[in-house]
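Each remark here refers to the structure printed beneath this line.
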There are 4 protein chains.
Amino acid sequence: MMIETESRAQVRTRERHERILDAALDVIVSRGYQATAVSDIATAADTSKGGVYFHFPGKDAIFLALIDRSARLLRERVIARIGAETDPTRRLDAALGALVDVFGTHRRLTRLFLVETPGAGPRFYTKTLELHGDFIEIIAAELDAAVAAGTIAPHDTRLIAQAWFGAINEVVSQWAVDTSPHPLGESLPGLRGLLLRGVGMAVS
Amino acid sequence: MMIETESRAQVRTRERHERILDAALDVIVSRGYQATAVSDIATAADTSKGGVYFHFPGKDAIFLALIDRSARLLRERVIARIGAETDPTRRLDAALGALVDVFGTHRRLTRLFLVETPGAGPRFYTKTLELHGDFIEIIAAELDAAVAAGTIAPHDTRLIAQAWFGAINEVVSQWAVDTSPHPLGESLPGLRGLLLRGVGMAVS
Amino acid sequence: MMIETESRAQVRTRERHERILDAALDVIVSRGYQATAVSDIATAADTSKGGVYFHFPGKDAIFLALIDRSARLLRERVIARIGAETDPTRRLDAALGALVDVFGTHRRLTRLFLVETPGAGPRFYTKTLELHGDFIEIIAAELDAAVAAGTIAPHDTRLIAQAWFGAINEVVSQWAVDTSPHPLGESLPGLRGLLLRGVGMAVS
Amino acid sequence: MMIETESRAQVRTRERHERILDAALDVIVSRGYQATAVSDIATAADTSKGGVYFHFPGKDAIFLALIDRSARLLRERVIARIGAETDPTRRLDAALGALVDVFGTHRRLTRLFLVETPGAGPRFYTKTLELHGDFIEIIAAELDAAVAAGTIAPHDTRLIAQAWFGAINEVVSQWAVDTSPHPLGESLPGLRGLLLRGVGMAVS
DNA sequence: GATGAATGAGCTTTCATTCAT
DNA sequence: TATGAATGAAAGCTCATTCAT
């Protein structure tokens with residue numbers, strides 16, 4: 001039953017790992033991926049270049065690990081929010097609100113994978129597609145459920161989900177990049193009206 | 001009456017200028033901005049590094065000139081398409097179709113400024129906002145006209161335009177990045193239904 | 001008897017030649033030789049790079065012509081001043097005053113060949129020796145005359161002339177480089193006392 | 001009691017630092033500052049460009065560190081020689097001899113800062129003034145002491161020191177640049193006579 | 001495990017020089 | 001004669017990565 005224990009050393013290793021990713025998030029979000037040197041990350045993580053390379057095979061790997069960790073966190077938050085509802089209609093609505101909300105409350109993570117990732121170069125195109133794809137899947141699943149429940153008419157739910165995600169993405173990205181922004185929440189009602197009505201749901 | 005003439009030399013200079021931008025488009029679209037060296041552009045333009053630097057003050061300037069030229073072209077095409085209609089309702093519909101269509105028929109330009117520009121680094125964030133802003137303005141103007149004509153109910157047209165653009169952007173970008181894509185046109189009806197219904201228009 | 005006439009074209013050529021040297025003096029004195037580009041000279045001379053290369057075979061040649069012209073001018077001024085005296089003792093004194101005076105009233109030329117020339121690189125070492133040598137010869141000649149006239153005791157006049165020139169050079173150079181300098185003339189009495197007494201002359 | 005120890009690594013770092021400066025001295029003295037590339041220094045130091053840049057922030061910094069080190073060494077030697085005497089008159093005489101001697105026995109260092117530094121460009125003018133100023137101060141201090149002791153009459157000692165330094169500088173520089181020179185020591189008696197007599201001291 | 005010195009390929013940019021017009 | 005577009009050889013500098021300690 002010692003399954004979940006970790007040795008002292010393992011704990012330290014994992015902590016170092018996390019500390020490096022935290023540092024990488026900081027500097028990459030403020031400078032951009034290309035402009036960030038590995039030594040910047042090392043300094044910010046209070047370690048050395050060699051230390052970074054002990055934990056990660058290279059700069060790309062740090063970035064990939066970082067966006068995976070970030071995407072996972074965002075995804076979990078969104079899924080948790082949706083899971084609180086059971087009725088398909090409300091779940092669909094909740095999904096929309098959850099996305100806007102979660103992105104809005106995690107500005108740096110949002111910027112990381114809505115802005116930095118696509119811009120980090122063609123090497124990461126596939127990753128970008130995957131990341132977006134995950135969220136699109138979440139939306140599509142709710143749309144499918146709503147269709148199955150008869151709440152909305154049949155659609156090409158994959159395409160609709162893509163469009164939803166894109167609409168949210170643009171609004172959120174501009175907000176994330178903008179320097180003097182109003183709260184993102186203000187945009188939710190307008191978006192909600194557009195996207196729900198767009199699939200034929202009545203909007204209160 | 002010699003107003004519009006150019007000397008032989010001026011013509012050659014302008015041609016070289018264009019040739020460099022054409023070459024830059026080629027290599028930047030296929031490799032990404034950061035991974036593109038000035039010498040790559042020079043080689044592709046069949047000139048030398050020094051030649052490139054004679055025409056442009058630096059790498060950034062090439063990129064900016066390139067995205068300006070590309071954005072202008074796309075914008076003109078879209079505006080021309082919309083201008084063919086006079087009825088506000090049809091213009092709004094036309095705008096949507098025009099965007100999808102123009103982006104779909106200029107894949108490289110689309111990729112350049114929907115994918116490369118945001119990813120070229122924080123230095124270009126402002127430019128990205130501007131570029132997107134231009135197209136959002138176009139959409140917003142048509143939405144405003146439709147509201148004024150009573151075709152659709154009043155909305156926060158700036159936000160709606162942003163969302164429209166984002167929806168189109170995502171669908172188009174995935175298509176632009178995807179390696180084995182179906183024609184983009186197939187996505188239009190679905191998008192059209194979503195976005196027009198979203199603002200309260202009946203969709204045939 | 002048409003020996004001294006010049007065709008219109010020759011006049012223009014010579015004027016252009018001079019104009020380029022004037023421009024070169026301007027920019028080299030303010031930026032330094034290495035930091036001066038040929039195109040800087042061309043611009044300052046209100047011509048083109050090709051124009052400059054028509055008149056001079058290369059950048060080095062411009063610099064050499066410039067320091068030759070400058071040195072000649074300074075030398076002529078000094079010689080003229082000395083020539084006004086006939087008594088060997090007064091000539092020696094006049095030489096000293098002339099050097100300080102001429103350098104002091106031609107600050108840019110002075111800087112050019114007391115500061116820029118030695119620093120323009122080993123390529124110009126020989127030239128520097130020559131330039132200094134010319135002035136040292138002038139001094140040595142007057143010293144020799146004074147020795148011959150019995151005004152001063154025999155010395156290694158070449159060495160003394162070198163030292164005189166060096167003393168003047170240092171004082172003048174510091175003055176030429178210094179940003180907020182007193183008039184150079186203030187230094188003359190002190191220098192005069194040192195150098196004349198140094199060769200055994202009584203100083204009033 | 002471990003105050004003065006250095007770790008093995010620190011020693012190695014300092015040695016590398018010195019090795020780079022040694023190499024820089026070699027190549028700069030033979031080629032001139034501008035004509036020396038960082039990679040030349042790297043090669044001469046048996047390391048790589050990156051290695052050089054690890055120890056110094058840039059080319060200018062190498063040069064500045066080098067002339068500082070060189071000037072310090074020359075200064076120390078001169079001060080040591082003067083310090084061996086106590087009588088003001090003999091100290092003044094010793095200062096003169098020390099300068100000629102030290103410069104004469106460190107030809108490369110002498111060339112570095114009497115010839116290369118002024119010529120390295122306007123960026124280094126201030127440094128040149130400083131370097132010369134240090135030696136001028138040393139001379140001026142001895143002159144002041146001699147004045148205070150009544151050995152010589154009052155003078156503008158700063159100016160006299162400048163002139164002394166200039167005289168020595170010129171003689172030494174010509175010797176340093178000249179390709180087939182006689183020993184510098186031969187020039188000392190002549191200089192000594194000129195400069196000491198110049199301030200009113202009897203010369204044996 | 002961690003450090004940081006070292007490597008070296010590669011980048012952007014500059015500029016003396018040439019030459020077709 | 002004059003122009004300025006073009007060339008191409010450097011140059012200074014950066015940085016991902018390696019590795020002896």
Side-chain angles (χ1 to χ4, degrees), chain A residues 9-10 12-13 16 34-43 45-62, chain B residues 7-10 12-17 20 34-42 45-62, chain C residues 9 12-13 16 34-43 45-62, chain D residues 7-10 12-13 15-17 20 34-42 45-62:
Chain A
Q10 284 173 320
R12 271 196 29 165
T13 292
R16 196 64 130 196
Q34 298 283 355
T36 296
V38 173
S39 75
D40 294 333
I41 297 173
T43 303
D46 215 27
T47 181
S48 64
K49 264 194 288 192
V52 171
Y53 275 91
F54 179 81
H55 290 281
F56 296 92
K59 194 186 170 189
D60 281 8
I62 301 172
Chain B
S7 72
R8 196 85 49 88
Q10 282 173 320
R12 270 197 34 161
T13 290
R14 221 206 21 215
E15 281 173 356
R16 195 63 132 190
H17 201 91
I20 291 168
Q34 299 282 356
T36 297
V38 173
S39 73
D40 295 332
I41 297 173
D46 213 29
T47 180
S48 63
K49 260 190 292 189
V52 171
Y53 276 93
F54 181 81
H55 290 279
F56 295 92
K59 194 187 170 189
D60 280 9
I62 301 173
Chain C
R12 272 197 26 165
T13 291
R16 195 63 131 197
Q34 298 283 354
T36 297
V38 172
S39 75
D40 294 332
I41 297 173
T43 302
D46 217 27
T47 180
S48 64
K49 263 194 288 192
V52 171
Y53 275 91
F54 179 80
H55 290 280
F56 295 92
K59 194 188 171 189
D60 280 9
I62 301 173
Chain D
S7 73
R8 197 85 49 89
Q10 283 173 320
R12 272 197 33 163
T13 291
E15 281 173 356
R16 195 63 132 191
H17 201 91
I20 291 168
Q34 298 283 357
T36 297
V38 173
S39 74
D40 295 333
I41 297 173
D46 213 28
T47 181
S48 63
K49 255 191 299 187
V52 171
Y53 276 94
F54 181 81
H55 290 281
F56 295 91
K59 195 187 170 189
D60 280 10
I62 301 173

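None of these values were measured; they are calculated from a predicted model. In the text below, chain A, chain B and the rest are named by the order of the sequence lines, each starting its count at 1.
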- Item | Whichever of A/G58 and D/G58 has its nearest DNA chain F nucleotide further upstream toward 5' | D/G58

- Under the 3.5 Å Watson-Crick or G-U criterion, the dot-bracket string of DNA chain E, with | for inter-strand pairs: .||||||||||||||||||||

What integer distance in Å separates [X]:[atom1] from [N]:[atom2]?
| X | N | atom1 | atom2 | result |
| --- | --- | --- | --- | --- |
| D/H17 | E/dA6 | NE2 | C1' | 16 Å |
| A/Q34 | E/dC11 | CD | P | 12 Å |
| B/K59 | E/dG10 | NZ | P | 15 Å |
| D/I41 | F/dA11 | CD1 | P | 11 Å |
| B/E15 | F/dA6 | CD | P | 11 Å |
| D/F56 | F/dG12 | CZ | P | 15 Å |
| C/F54 | E/dT18 | CZ | C1' | 15 Å |

- Nearest to the side chain of C/S48, which nucleotide is it out of E/dG4, F/dA6, F/dG4? F/dG4

Does [X] make a side-chain N or O approach to OP1 or OP2 of [N] shorter than 4.0 Å?
| X | N | answer |
| --- | --- | --- |
| D/H55 | E/dA6 | yes |
| D/R16 | E/dA6 | yes |
| A/T47 | E/dT3 | yes |
| D/S39 | F/dG12 | no |

- Item | Heavy-atom donor-acceptor pair, C/K49 side-chain to F/dT3 base, under 3.5 Å | no

- Check side chain to side chain contact (heavy atoms under 4.5 Å, CB included) between B/D46 and all other residues, then give those that pass, not counting sequence neighbours. B/R19

- Partners meeting side chain to side chain contact (heavy atoms under 4.5 Å, CB included) with D/A37 (sequence neighbours left out): D/S39, D/D40

Kindly give the atom pairs (protein nitrogen or oxygen, nucleotide nitrogen or oxygen) under 3.5 Å for nucleotides 19-21 of chain E.
none

- Message: When you compare the side chain of B/H55 with that of B/T13, does any pair of heavy atoms fall below 4.5 Å?
- Response: yes

- Is there side-chain contact between C/V52 and C/K59, with at least one heavy-atom pair below 4.5 Å? no

- Message: Among residues at least two apart in sequence or on other chains, which ones pass ring pair (Phe, Tyr, Trp, His ring centres under 6.0 Å) with B/Y53?
- Response: none

- Which comes earlier along DNA chain E counting from the 5' end, the contact point of B/A35 or that of C/A37, where each point is its nearest nucleotide? B/A35

- Answer with base, sugar-phosphate or nothing: what part of the nucleic acid does C/T36 contact at a heavy-atom distance below 4.0 Å? sugar-phosphate

